[in-house]
Amino acid sequence: MTYKWVITVGLVFLVMVLSANAAFAEDKSKNVNVLLYYNSGGYTVDYVQLFWEKDGVQKDKKWSKDVMSAQGFCAKLSKVDGVEEGSEVWLKFKIAGGDKESCRKSQKMIFQDSEEVKTQHYYSKGTTLNGNRCRKAKPSSTGISYRDNKNGNCPWGNYW
């Protein structure tokens with residue numbers, strides 16, 4: 001009888017711990033409607049590519065104008081044909097003479113259109129072949145502040 005009680009209490013405790021872990025591991029996504037990329041590296045970016053995925057179907061659109069060092073690119077998602085609300089969105093960029101880097105991170109960016117601008121900032125630094133990965137950034141590290149981008153305008157004029 002004592003063993004049954006100990007086993008029952010142990011199982012109840014285990015269920016509580018697993019339930020708590022599942023609650024903490026739930027959706028870590030972030031709603032966005034603007035993706036901003038800033039080139040802080042010593043190179044030119046050949047192109048930026050926007051990817052989106054919904055219901056297992058992945059699509060993309062390439063913006064093929066160069067992004068010079070100390071310049072950037074903005075994707076106002078409501079202006080891009082085919083991107084549906086609820087889609088996971090991310091950027092990739094191709095460095096001239098170098099690597100192709102993805103900005104897809106463990107925290108999913110979900111397109112949610114709204115009046116309030118919700119920008120995810122990314123940047124890269126380094127050289128053509130070294131230290132040039134895409135990084136999530138605070139607005140101050142991309143050279144513009146949230147205030148500059150409050151209307152969803154891209155300060156460099158490079159955008160969809």
In Å, rounded to the nearest 0.5 Å, how long is the span from [atom1] of [X] to [atom2] of [Y]?
X    : Y    : atom1 : atom2 : result
C103 : K136 : SG    : NZ    : 11.0 Å
L35  : C74  : CG    : SG    : 9.5 Å
Q112 : S29  : CD    : OG    : 10.0 Å
F51  : L91  : CZ    : CG    : 9.5 Å
M109 : T119 : CE    : OG1   : 11.5 Å
D60  : Q49  : CG    : CD    : 4.5 Å

Worksheet item: Hey, is the main chain of K118 close enough, under 3.5 Å, to the side chain of N33 for a donor-acceptor pair?
Response: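 Answer holds: yes.
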Worksheet entry | Check: K108 side chain, N31 main-chain N or O, donor-acceptor pair, under 3.5 Å |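 It does not hold such a pair.
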[Y] and [X], any side-chain heavy atoms less than 4.5 Å apart:
X    : Y    : answer
I95  : L129 : no
L36  : F73  : no
N39  : S124 : yes
K61  : V80  : yes
F93  : C134 : yes
K125 : R133 : no
V32  : L77  : yes

Discussion item. The test is side chain to side chain contact (heavy atoms under 4.5 Å, CB included); show your working for V89 and V83 and say whether it passes.
Written reply: CA-CA 9 Å; V89 293; V83 180; 4.2 Å; yes
Worksheet item: Under the side chain to side chain donor-acceptor pair (under 3.5 Å) test, which residues partner N130, sequence neighbours left out?
Response: none
Discussion item. Tell me every residue that passes side chain to side chain donor-acceptor pair (under 3.5 Å) with K100, counting only those two or more places apart in sequence or in another chain.
Written reply: Y47
Worksheet entry | ring-ring contact (aromatic ring centres under 6.0 Å, His included) partners for F111, two or more places apart |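 For F111 there are no ring-ring contact (aromatic ring centres under 6.0 Å, His included) partners, ignoring immediate neighbours.
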Worksheet item: Who pairs with R104 by side chain to side chain contact (heavy atoms under 4.5 Å, CB included), at least two apart in sequence or on another chain?
Response: E53, Q58, E88, W90, S102
Discussion item. Suppose we screen for side chain to side chain contact (heavy atoms under 4.5 Å, CB included). Which residues come up paired with K54, at least two apart in sequence or across chains?
Written reply: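 By the side chain to side chain contact (heavy atoms under 4.5 Å, CB included) rule, K54 matches E84, S87.
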Worksheet, complete the sentence: Quick note, salt bridge (charged side-chain N to carboxylate O under 4.0 Å, His left out) partners involving residues 90-99, not counting sequence neighbours, are none
Discussion item. Please evaluate residues N132 and T127 with respect to the criterion side chain to side chain contact (heavy atoms under 4.5 Å, CB included), reporting the C-alpha separation (whole Å), side-chain torsions for both, the decisive distance (0.1 Å), and the verdict.
Written reply: CA-CA 6 Å; N132 52 25; T127 64; 5.9 Å; no
Item to complete: Just do the side chain to side chain contact (heavy atoms under 4.5 Å, CB included) check on V48 and V67 with the steps written out, would you?
Response: CA-CA 8 Å; V48 178; V67 179; 4.0 Å; yes
Worksheet entry | Heavy-atom closest pair, residues G41 and S69 | O-OG, 2.5 Å
Discussion item. Between K30 and Q120, is there a side-chain donor-acceptor contact under 3.5 Å, judged purely by atom types and distance?
Written reply: yes
